Q: 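Sharing a structure below in structure tokens format, with a few things to ask.
Bear in mind the structure is a predicted one, so any value in this text is a computation, not a measurement. Just so it is clear, the values below take in all heavy atoms, side chains as well, and ignore hydrogens, waters and symmetry mates. The first residue of the sequence shown is numbered 1, and numbering continues consecutively from there. In each ligand, atom 1 is the first atom listed, and ligand 1 is the first ligand listed.
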Amino acid sequence: MEVHGLLSVCFLHCILCNFAHSLLVNVHVDVSKPLGKITKNFVGVTMNSTYVKENWKYFNLKSVKTQTLAAGLSPSYLRVGGTDADFVIFTGREVNTDENIRKFDPINFTMSETSWDSIHRFTQKVGWTLIFDLNSLYRTDGVWNSSNAEVLIKYSIKKNYSMAGWELGNEPGEYLRKFGVHLTVQQLVKDYQKLSSILSQAPPNIRGRILIGPSTIPLVQSRVVQFFNEFLRLGGNAVVSSPNFHHYYMDEATASVQNFVDPDVLDGLQVEINHGNDATRKFTHGKQLWIGETSSAWNGGAKGLSDGYVAAFMWLDKLGLAAKNNVGAVIRQTFYGANYGLIDHVTMEPNPDYWLTYIYKKLVGDYVFQTDSSDKRRRVRFYAHCAAEGFPPGSLAVYGMNLYSSNVTLKLTGVLDTSQMKVYLMSAPNQNLQSK
Ligand SMILES: *[C@@H]1O[C@H](CO)[C@@H](O)[C@H](O)[C@H]1NC(C)=O
Ligand SMILES: *[C@@H]1O[C@H](CO)[C@@H](O)[C@H](O)[C@H]1NC(C)=O
Ligand SMILES: *[C@@H]1O[C@H](CO)[C@@H](O)[C@H](O)[C@H]1NC(C)=O
Ligand SMILES: *[C@@H]1O[C@H](CO)[C@@H](O)[C@H](O)[C@H]1NC(C)=O
Ligand SMILES: *[C@@H]1O[C@H](CO)[C@@H](O)[C@H](O)[C@H]1NC(C)=O
């Protein structure tokens with residue numbers, strides 16, 4: 001592959017300091033052979049099923065501003081799911097919203113045909129495709145009762161909706177701890193097989209191409225890694241299109257600015273991807289691991305951090321690391337809501353990570369290349385892909401960050417021509433990393 005010409009460098013800056021004394025860092029891009037390839041849907045977004053529960057009262061699907069911001073990220077998967085997914089019951093009956101909301105969380109609630117219609121109207125309008133997380137706690141004698149899912153699928157067929165795909169439950173390995181429901185991994189595999197056989201009888205536009213599972217929490221504890229492995233080993237490998245896990249670096253309650261620029265924290269993701277990739281390689285033939293729900297900090301994100309400039313370090317590094325490790329998609333928690341939303345939940349204004357996602361989608365293209373940074377402290381981190389469509393053929397997109405609190409001088413090697421570059425340099429005003 002010939003790589004030359006325009007280079008777009010997207011560079012996140014920590015704190016600006018004296019250039020004269022700056023550290024020299026060599027970043028070598030190996031363009032001799034790609035490591036892999038991402039699709040246009042590599043970056044997706046989530047929305048909580050909580051919005052379904054509230055009948056979209058707090059997220060206006062009809063807002064032109066929201067639709068414009070959403071369309072800016074198209075094409076994109078929208079995964080509607082999360083904790084509340086396991087309490088949604090589809091019904092033809094119109095829902096009394098207040099009746100839904102007043103009950104405490106988490107408790108069964110209904111999704112009406114109208115609510116389902118409005119999600120589809122929104123995704124069609126903004127050019128997104130839907131992945132819907134079905135209620136896995138809808139069980140009879142411990143076995144997943146597919147009757148409600150079948151009603152939803154039948155209705156979707158009647159309306160000729162287009163689905164990207166499906167998921168069954170949210171973090172099912174945690175049901176005992178969270179809800180006192182005992183579900184074995186053997187049973188979960190059987191439930192997924194049941195769903196897969198129902199979907200196989202549906203038309204292609206309803207079946208979609210995606211079935212994700214087992215949707216575990218971060219692959220840190222060995223019991224979770226084991227659950228992930230067992231799910232694939234016992235038959236999940238044949239039914240899911242993309243084995244997935246959820247990833248967060250930390251708890252919002254204890255998160256600090258320093259955590260967000262700590263290379264050890266960022267490198268933690270590599271270990272988890274390795275666990276996921278090891279199992280995926282062992283039990284599937286060429287399927288790709290997905291990060292099916294992910295953000296900086298769990299429990300809604302950290303206020304003033306997950307919605308600030310500093311969050312971009314985690315987000316950009318995650319995208320780079322995931323692509324480099326053959327991950328098929330990274331689904332960002334969340335498009336809207338809480339502190340980790342791409343859009344501020346009070347003002348509806350885009351947060352820094354919205355713009356980062358937007359720029360990423362405009363600049364970063366399919367083939368992924370190996371990069372090596374001479375910075376042994378892993379604070380100058382770079383990734384390289386072919387540039388997105390629209391740039392001259394052979395263009396590269398090199399993106400990365402400086403986690404030092406001073407300027408660095410960057411020298412790019414391995415690329416054939418750096419005489420034509422577009423540089424997008426991002427920094428926080430007044431060195432305020434919590435700036436929006
Ligand atoms: C650090 O680099 C930026 C971008 O080139 C520049 O604007 C700024 O003046 C530099 N800071 C110092 C102190 O040299
Ligand atoms: C929620 O619905 C499921 C499936 O019908 C049922 O097993 C469960 O008992 C219900 N939970 C509550 C709290 O009503
Ligand atoms: C599934 O749930 C429905 C509604 O609660 C019930 O009528 C039906 O008997 C259940 N199906 C099975 C196989 O248990
Ligand atoms: C259903 O939707 C597909 C596109 O997803 C379209 O090609 C097809 O014509 C539609 N069928 C009907 C009956 O409207
Ligand atoms: C989404 O759900 C998660 C739990 O699944 C919760 O921590 C978070 O606050 C919710 N966010 C929004 C925007 O509702």
Q: If you compare all heavy atoms of Y249 against all heavy atoms of V265, which two are closest, and at what distance to 0.1 Å?
A: CD2-O, 3.5 Å
Q: Are F87 and F179, when compared by the centres of their aromatic rings, separated by less than 6.0 Å?
A: yes
Q: Taking the six-membered ring for Trp, is the centroid-to-centroid distance between F122 and W56 below 6.0 Å?
A: no
Q: At less than 4.0 angstrom from any non-hydrogen atom of S162, what atoms of ligand 4 do you find?
A: 5 (O)
Q: Would you say N205 and ligand 4 have an N/O pair spaced under 3.5 Å apart?
A: no
Q: Which residues pass the salt bridge (charged side-chain N to carboxylate O under 4.0 Å, His left out) test with R121, sequence neighbours left out?
A: none
Q: Report yes if the distance between the aromatic ring centroids of F283 and F231 is under 6.0 Å, otherwise no.
A: no
Q: Can you list, by chain and residue number, every protein residue with a non-hydrogen atom closer than 4.0 Å to ligand 3?
A: Y138, T140, N145, S147
Q: Looking at Y424, is K422 sitting on its ring face, NZ or CZ under 6.0 Å from the six-membered ring centre and within 45 degrees of the normal?
A: no
Q: Is the gap between the ring centers of H345 and F59 under 6.0 Å?
A: no
